[in-house]
Amino acid sequence: MNFARRSILELHGMKAEEINFVLDTAAHFREILDRPIKKVPALRGKSVCTLFYEASTRTRTSFEIAAKTLSADTSSIAVGQSSVTKGESLKDTALTIKAMGVDIFVVRHHDSGAPHNVASWTGLPVINAGDGQHEHPTQGLLDMLTIRRHKRNLTGLKVAIVGDIKHSRVARSDMWGLTAMGAEVRLCGPKTLLPPVTQHWPAVVTTNLEEALDGADVVNVLRIQRERQDQGLFPSVREYHRQYGITPQRLKACKPDVIVMHPGPMNRGVEISPEVADAGYAVIEEQVTNGVAVRMALLYLVLGGEGAV
């Protein structure tokens, strides 16, 4: 299969064949990360710019490691120390960096649609590293790679996503990607943390945690941001944990071979108990490694890397 996408902006609308191709490519790159020398020349001479308007440790570092493992050159724009603080627009920043000869942008932005705009303005490939409350496609793909490594096939799996669905771009990317692959997705959280309109979403949306966990093969736990409590969206972190925190007792409703995921960073004792976070069925660190492999695959496929994977 030839990978025809010039940019990776969302999983909504991506076909199962495309997703499988990305995951298969990532599985090959995953083997490179287990080698003593983690370096291949697939993108030698290519230049990757990470442009992040939001704080990030995992995603930004993961992309930079992925690019360097493929032998690409990398540049990282720290917005807080750039001309953005002087009032420069996103468009002018992107066009300026393009003029310096970069080949691809990796963009994270607090406004939904910003990576789409960068792609339109510059004509360069763009990978969306998270935009507003829209999507985080590489997180969705790394979650699917992690699930596939444990369950072999995504079709027919029951996946519960629990937490702040309303504000989560991870939940949206997971939902679109997993349902495209034939999985059943259940979105669960307090009513105040669910979107007001979900009737066109291909998922079961519920406030009932027992219903969401019943027979689940996978539980993906979303981070609860403390500022949501300040906004009055739930009474307290203790109350949230009592109602929706994922504990060993609650996981008894799932399949015996359930795996637990989390996009990080975790709030132990809020959305997830320490016992679950440290259990053998938690695959959270594996997600991080798989994230590097997925981002290697996307950079390779979008930039038309040379040679066999």
Side-chain angles (χ1 to χ4, degrees), residues 5 7-14 49-63 76-80 82 84-85 87-95 97 104-122 124-143 161-179 185 187 189-190 192-203 205 220-233 262-265 271 291 294-295 298:
R5 288 185 180 264
S7 291
I8 307 297
L9 300 173
E10 57 192 359
L11 296 189
H12 186 194
M14 188 176 282
C49 176
T50 57
L51 182 58
F52 278 48
Y53 279 69
E54 287 183 336
S56 169
T57 300
R58 288 164 177 76
T59 302
R60 176 180 230 153
T61 304
S62 180
F63 267 110
S76 179
I77 306 302
V79 170
S82 72
V84 172
T85 60
E88 185 174 69
S89 68
L90 172 62
K91 181 176 183 179
D92 288 333
T93 297
L95 290 173
I97 297 169
I104 186 170
F105 284 100
V106 178
V107 179
R108 169 169 283 193
H109 202 280
H110 45 76
D111 290 338
S112 299
H116 298 69
N117 288 333
V118 172
S120 175
W121 293 328
T122 65
L124 292 177
V126 173
I127 297 179
N128 180 3
D131 62 328
Q133 295 176 25
H134 174 228
E135 279 207 43
H136 192 350
T138 62
Q139 182 70 45
L141 289 165
L142 76 87
D143 286 347
I161 303 175
V162 182
D164 184 359
I165 307 297
K166 181 176 183 179
H167 303 95
S168 175
R169 50 200 176 203
V170 173
R172 288 163 173 80
S173 286
D174 276 0
M175 175 187 70
W176 293 118
L178 285 164
T179 54
V185 175
L187 305 174
T192 52
L193 295 180
L194 294 177
V197 179
T198 58
Q199 63 263 36
H200 299 300
W201 284 13
V205 182
N220 198 355
V221 190
L222 302 177
R223 180 170 68 94
I224 292 298
Q225 299 181 33
R226 302 295 179 115
E227 56 265 35
R228 304 301 176 215
Q229 183 185 349
D230 297 337
Q231 296 169 9
L233 296 180
H262 194 300
E271 70 268 7
V294 161
R295 287 154 185 150
L298 292 175

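Please read these numbers as outputs of a predicted model, since none were measured by experiment. Values below: all heavy atoms of this structure, side chains included; hydrogens, waters and symmetry mates excluded.
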How close do V221 and P263 get, heavy atom to heavy atom, and via which atoms?
O-CD, 3.2 Å
As an exercise, state the distance from CD of E135 to NE2 of H12, rounded to the nearest 0.5 Å.
8.0 Å
Least distance between heavy atoms, S89 atom then D92 atom
OG-N, 3.1 Å
Side-chain contact test, heavy atoms from C-beta onward, threshold under 4.5 Å: evaluate it for I165 versus P195 and give yes or no.
yes
Full working for side chain to side chain contact (heavy atoms under 4.5 Å, CB included) between R295 and T59
CA-CA 9 Å; R295 287 154 185 150; T59 302; 4.0 Å; yes
What one should report as the nearest heavy-atom pair of P137 and S173 is N-OG, 3.4 Å
To the closest 0.5 Å, what do you measure between CD1 (I77) and CZ (R60)?
8.0 Å
Would you indicate whether the side-chain heavy atoms of V170 and D143 approach each other to under 4.5 Å?
yes
Enter the distance from M175:CE to W201:CH2 here, rounded to the nearest 0.5 Å.
5.0 Å
Dump the intermediate steps for side chain to side chain contact (heavy atoms under 4.5 Å, CB included) on L95 and T122, then the final yes or no.
CA-CA 6 Å; L95 290 173; T122 65; 4.2 Å; yes
Close side-chain approach of Q199 to V205, heavy-atom, < 4.5 Å
no
Does any non-hydrogen side-chain atom of I224 lie less than 4.5 Å from one of L193?
yes
Nearest heavy-atom neighbours spanning V118 and A94
CG1-CB, 4.1 Å
Could you tell me whether the side chain of T61 and the main chain of R58 form a donor-acceptor pair under 3.5 Å?
no
If we ignore hydrogens and angles and just use 3.5 Å, is the side chain of E271 paired with the main-chain N or O of G163 as donor and acceptor?
no
Shortest non-hydrogen separation from W176 to P202 and the atoms involved:
CZ3-CD, 3.5 Å
Taking the side chain as every heavy atom from C-beta outward, state whether N117 and D111 have any atom pair closer than 4.5 Å.
no
Would you compute the distance between atom CZ of R172 and atom NZ of K166 and round it to the nearest 0.5 angstrom?
10.0 Å
For residues V294 and L142, report the shortest heavy-atom separation together with the two atoms involved.
CG2-CA, 3.7 Å
side-chain contact (heavy atoms from CB on, under 4.5 Å) test vs H134 passes for just one of H116, H109, R169, namely H116
Nearest 0.5 Å, please: how far is CZ in F63 from CG in L298?
6.5 Å
Compare all side-chain heavy atoms of S168 with those of R223 and state whether any distance is below 4.5 angstrom.
no
In Å and rounded to the nearest 0.5 Å, what is the CZ to OG1 distance from F52 to T57?
10.0 Å
Just so I know, are the side chains of I127 and I104 near enough to count as touching, which here means a heavy-atom distance under 4.5 Å?
yes
Are any of the side-chain heavy atoms of T50 and R108 separated by less than 4.5 Å?
no
Would you please test V107 and D131 for side chain to side chain contact (heavy atoms under 4.5 Å, CB included) and show each step?
CA-CA 8 Å; V107 179; D131 62 328; over 6 Å; no
As a quick check of understanding, evaluate side chain to side chain contact (heavy atoms under 4.5 Å, CB included) for L90 and W121, giving each step before the final call.
CA-CA 10 Å; L90 172 62; W121 293 328; 3.7 Å; yes
